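Here the structure comes first, spelled out in structure tokens, and everything after it is commentary.
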Amino acid sequence: TKQRFLDTFELVNVNFKEIFARLFQGGKANLTLVDKANPLDSGIEITANPLGKSLQSLALMSGGEKAMTAIALMFAVFKVRPSPFCLLDEVDAPLDEANVVRFQEMLKEMAVNTQFIIITHNQKTMSFANALYGITMEEQGVSKAVSVHFN
Amino acid sequence: TKQRFLDTFELVNVNFKEIFARLFQGGKANLTLVDKANPLDSGIEITANPLGKSLQSLALMSGGEKAMTAIALMFAVFKVRPSPFCLLDEVDAPLDEANVVRFQEMLKEMAVNTQFIIITHNQKTMSFANALYGITMEEQGVSKAVSVHFN
Amino acid sequence: MYLKNLELEGFKSFVDSTNLEFGNGFTAIVGPNGCGKSNVSDAIRWVIGEQRSKTLRSTRITDLIFNGSSSRKPVNRAEISLTLSNVPAGIRIAGISNTAEDVKVTRCYHRSGESEFYINQIPCRLKDITDFLLDAGISPKVLTIIEQGHIQDIITSKPEERRILIEEAA
Amino acid sequence: MYLKNLELEGFKSFVDSTNLEFGNGFTAIVGPNGCGKSNVSDAIRWVIGEQRSKTLRSTRITDLIFNGSSSRKPVNRAEISLTLSNVPAGIRIAGISNTAEDVKVTRCYHRSGESEFYINQIPCRLKDITDFLLDAGISPKVLTIIEQGHIQDIITSKPEERRILIEEAA
Ligand SMILES: Nc1ncnc2c1ncn2[C@@H]1O[C@H](COP(=O)(O)OP(=O)(O)OP(=O)(O)O)[C@@H](O)[C@H]1O
Ligand SMILES: Nc1ncnc2c1ncn2[C@@H]1O[C@H](COP(=O)(O)OP(=O)(O)OP(=O)(O)O)[C@@H](O)[C@H]1O
Ligand SMILES: [Mg+2]
Ligand SMILES: [Mg+2]
């Protein structure tokens, strides 16, 4: 299974580079094994460089850049092994409008193999959805759901 | 100075209750001294109950409710001793549109005694501002500022 | 396989019996602050086996049961049922024959402290539920649910934690 | 008293000399993800005396100096100047006579490790800057700057930390 781990790691890494470059319209990203001699026990380091920026630690990235990088890694794993469903709670909160669109366009493609449920306040995100569930509290402290379907 | 601490605490508490009730259109909030016998060394507990909801721990509050409660406490302290200026970085990210408006309307009042600088992606927040500073990166990796003034 | 519906009763702010049906596409859940959206996320995490109170934003397990409002008394039981559709044949389901295509897992907690677990209405243990879900590719450990404010965790986490992602995908 | 302007040079993504002028009202700073808005916040926190690298999102102090881009080489010095206007008379300013109404504090860091501090262009120590700002009601400890993603800290923090808020207000 060491070989299987390495194969999976390589696949996820290839996906990560490609998805990162797409979400950031360029730029380079990489996953590396901390301890190459012992892959099954090794941690995984991430390097990520948005387009035109120099190599620097992840800590310096902006709120929106960190969110997009995390999304890129999540999609990279899903392309190898899609989760049956995936619920995302307000992951679009730190994103500017252009990034919300890039994220949503990619999500629509991933949605072929994974059912996505997204909790959001963002109008743009809502416009990409197939269906909308509204949650309300008409009666104080009591949640109620109203479903709105569209294509 | 023990008396001064207690007086300040009482003032902040009265403000907190009032501002919370305004931001939540009702509801009850309270600050309590953990160790009433030793106020100068005591920690401060917060209880906060949005309108119509039962008494429960702060942990159960929603993302937006926690942000509004934090804003209420911040304003409560500012009413006692206004900071000369205050910079808020994307504090409106978890708020729905109605809460952004309530927050901004209160901020305009507080802005009489405190200069506010708000970093935001939110169109509604921008509409409340007196002036706008746009930051761009036309040249990759290099920040540049463009000022837009309006009343 | 996909999540067909989620039934909630007595769980956090969902005191009344509520049935959320999800199509096999991309659904957005919307509503004002504090109306209960993240509680839906907590419900799914709880029924698929999440045990840690902190990650369900509760300090005690009884925080999961509806504890009243200005117009309602508290109740004494929280119940969540999650139905998966198009379940592949051959997944072990604790000795329950997988004849139907839909599999419903149910988790119940009483204020008195008792827990109940069911698969397709038949009593079972929590382990039976988590074993079945693991075979189906669902677990609290993988990227099934990203909590509010936690999207950055994947990249701020320790290198060892990221290895788990690759292990689960392998 | 208010923040009149902020000058940045060589600080994080602000390699070119930049002067931000803030009116005494309510200013919004906007722009796409990663363009440098929070770097402005870091600049203010740093010049008013923030020492902890972690809160400036850096791992080493040299992270604060512009470290290059695809079109620019790194530079060797970061400098931030903050000008306060309408400074009340009588605030101690390290033996520098407060004749003008504006007080400008400057902090400089060289890649070689040297730091420089100035008040109204006159060299001083960091302590002179922080003492002056403390008298003026500004410090990294009070609610002057709320970092991105940290608004909830006030209510999730320990009870002892909240007491500091009251102490500073008293
Ligand atoms: N056991 C419980 N009984 C009754 N109400 C509860 C219980 N647990 C949580 N709540 C209430 O549920 C509300 C939180 O709901 P939730 O976190 O789902 O909101 P949300 O829709 O995600 O909001 P936001 O957009 O701000 O994130 C809180 O107001 C809380 O008081
Ligand atoms: N020392 C440095 N040299 C060059 N660039 C730097 C340096 N430190 C940080 N940066 C860059 O600054 C950018 C981050 O800027 P900042 O956090 O201000 O963005 P932001 O406008 O707040 O974005 P968001 O809306 O996503 O929060 C990162 O892309 C980072 O690479
Ligand atoms: Mg929520
Ligand atoms: Mg930012």
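As a basis for the values below, the full set of heavy atoms in this structure was taken, side chains included, without hydrogen atoms, waters or symmetry mates. Computed from a predicted model, the values in this text were never measured in an experiment. Each chain gets a letter, A, B and so on, in the order its sequence line appears, and its residues count up from 1.
- Using a 4.5 Å cut-off between heavy atoms, C:L8 does not touch chain A at all.
- Your options are A:T125, A:L31, A:L107, and the one with the most heavy-atom pairs under 4.5 Å with chain C is A:L107.
- The greatest number of non-hydrogen atom pairs below 4.5 Å with chain C, out of A:S147, A:A145, A:A70, is found for A:A70.
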- request: Decide yes or no on salt bridge (charged side-chain N to carboxylate O under 4.0 Å, His left out) for A:R4 and A:D7, but give the supporting numbers first.
  value: CA-CA 5 Å; A:R4 188 166 170 188; A:D7 292 344; over 6 Å; no
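- Residue-level contacts of residues 89-101 of chain A with chain C, in order of numbering, are A:D89, A:E90, A:V91; threshold 4.5 Å between heavy atoms.
- Between A:K144 and A:E138 there is a salt bridge, with a side-chain nitrogen of the basic residue lying less than 4.0 Å from a carboxylate oxygen of the acidic one.
- At least one donor-acceptor pair under 3.5 Å links the side chain of A:Q115 to the backbone N or O of C:L3.
- Of the listed residues A:I46, A:V112, A:V80, the one with more heavy-atom pairs under 4.5 angstrom with chain C than any other is A:I46.
- Between A:F116 and A:F75, the angle of the ring planes goes over 60°, which puts this pair in the perpendicular group of the 30/60° scheme.
- Contacts with chain C were tallied for A:T136, A:T8, A:T69; A:T8 has the most, counting heavy-atom pairs under 4.5 Å.
- Using a 4.5 Å cut-off between heavy atoms, A:T1 does not touch chain C at all.
- Residues of residues 107-118 of chain C never come closer than 4.5 Å to chain A when only heavy atoms are counted.
- The residue among C:I154, C:L165, C:N39 with the most heavy atom pairs within less than 4.5 Å of chain A is C:I154.
- Between C:G36 and C:S13 the shortest heavy-atom distance is CA-OG, 3.9 Å.
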Next on the checklist: Walk me through whether C:E7 and C:S17 qualify under side chain to side chain contact (heavy atoms under 4.5 Å, CB included).
Outcome noted: CA-CA 7 Å; C:E7 296 162 74; C:S17 176; over 6 Å; no
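- With a threshold of 4.5 angstrom between heavy atoms, C:I164 does not approach chain A through any atom at all.
- Taking CZ from A:F16 and CD1 from A:I44, the interatomic distance works out to 11.0 Å, rounded to the nearest 0.5 Å.
- For the residue pair C:S70 and A:Q140, the shortest heavy atom distance occurs at OG-OE1, 2.9 Å.
- The contact between C:E147 and chain A is made entirely by backbone atoms, counting heavy-atom distances below 4.5 Å.
- If you measure heavy-atom distances from C:N33 to chain A, the contacts under 4.5 Å come from both the backbone and the side chain.
- Distance alone, capped at 3.5 Å, places no donor-acceptor pair between the C:R162 side chain and the A:G43 backbone.
- For the atom pair CD (C:E50) and CG (C:L56), the distance works out to 5.5 Å, reported to the nearest 0.5 Å.
- Here the side chain of C:K37 pairs a donor or acceptor atom with the backbone of C:P32 at under 3.5 angstrom.
- Annotation for C:V47 and C:I129: closest pair O-CG2, 3.9 Å, computed over non-hydrogen atoms.
- Within the 4.5 angstrom heavy-atom criterion, no atom of A:P82 approaches chain C.
- The contact between A:L40 and chain C is made entirely by backbone atoms, counting heavy-atom distances below 4.5 Å.
- Among the candidates A:H121, A:M74, A:M61, the residue making the largest number of heavy-atom pairs closer than 4.5 Å to chain C is A:H121.
- Taking a cutoff of 4.0 Å between a charged side-chain nitrogen and a carboxylate oxygen, C:D16 and C:R72 qualify as a salt bridge.
- In this structure, chain C has a heavy atom under 4.5 Å from the side chain of A:V34, while its backbone stays farther away.
- A heavy-atom distance below 4.5 Å is not found between the side chains of A:N15 and A:F78.
- With a 4.5 angstrom heavy-atom cutoff, A:E139 touches chain C only via side-chain atoms.
- Both the backbone and the side chain of A:I117 come within contact range of chain C, with heavy atoms under 4.5 Å apart.
- The distance from the CG atom of C:L20 to the CG atom of C:L6 is 5.5 Å, given to the nearest 0.5 Å.
- Counting only distance, with no hydrogens or angles, the side chain of C:D128 and the backbone of C:R125 share a donor-acceptor pair below 3.5 Å.
- Not a single donor-acceptor pair under 3.5 Å links the side chain of C:N67 to the backbone N or O of C:P74.
- Taking chain A as the reference chain and counting heavy-atom pairs below 4.5 Å, the highest number among C:K12, C:K158, C:E21 is found for C:E21.
- Under a 3.5 Å cut-off, the side chain of C:S81 and the backbone N or O of C:T106 do not form any donor-acceptor pair.
- Contacts between C:S41 and chain A at a heavy-atom distance below 4.5 Å involve backbone atoms as well as side-chain atoms.
- The choice from C:A28, C:S69, C:G31 that makes the most heavy-atom pairs within less than 4.5 Å of chain A is C:A28.
- Side-chain atoms of C:T83 and C:N5 include a donor-acceptor pair closer than 3.5 Å.
- Across C:M1, C:E161, C:R45, the residue that shares the most heavy-atom pairs under 4.5 angstrom with chain A is C:M1.
- For the set C:V15, C:T18, C:I138, the count of heavy-atom pairs under 4.5 angstrom toward chain A peaks at C:I138.
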Would you sort out whether C:T27 and A:F85 count as a side chain to side chain contact (heavy atoms under 4.5 Å, CB included), showing the intermediate values? CA-CA 11 Å; C:T27 306; A:F85 71 87; over 6 Å; no
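- Using a 30° and 60° split on the angle between ring planes, A:F20 and A:F24 fall in the parallel class, below 30°.
- Contact count versus chain C (heavy atoms, under 4.5 Å) is highest, among A:P84, A:A111, A:S83, for A:P84.
- For A:Q104, the part lying under 4.5 angstrom from a heavy atom of chain C is the side chain only.
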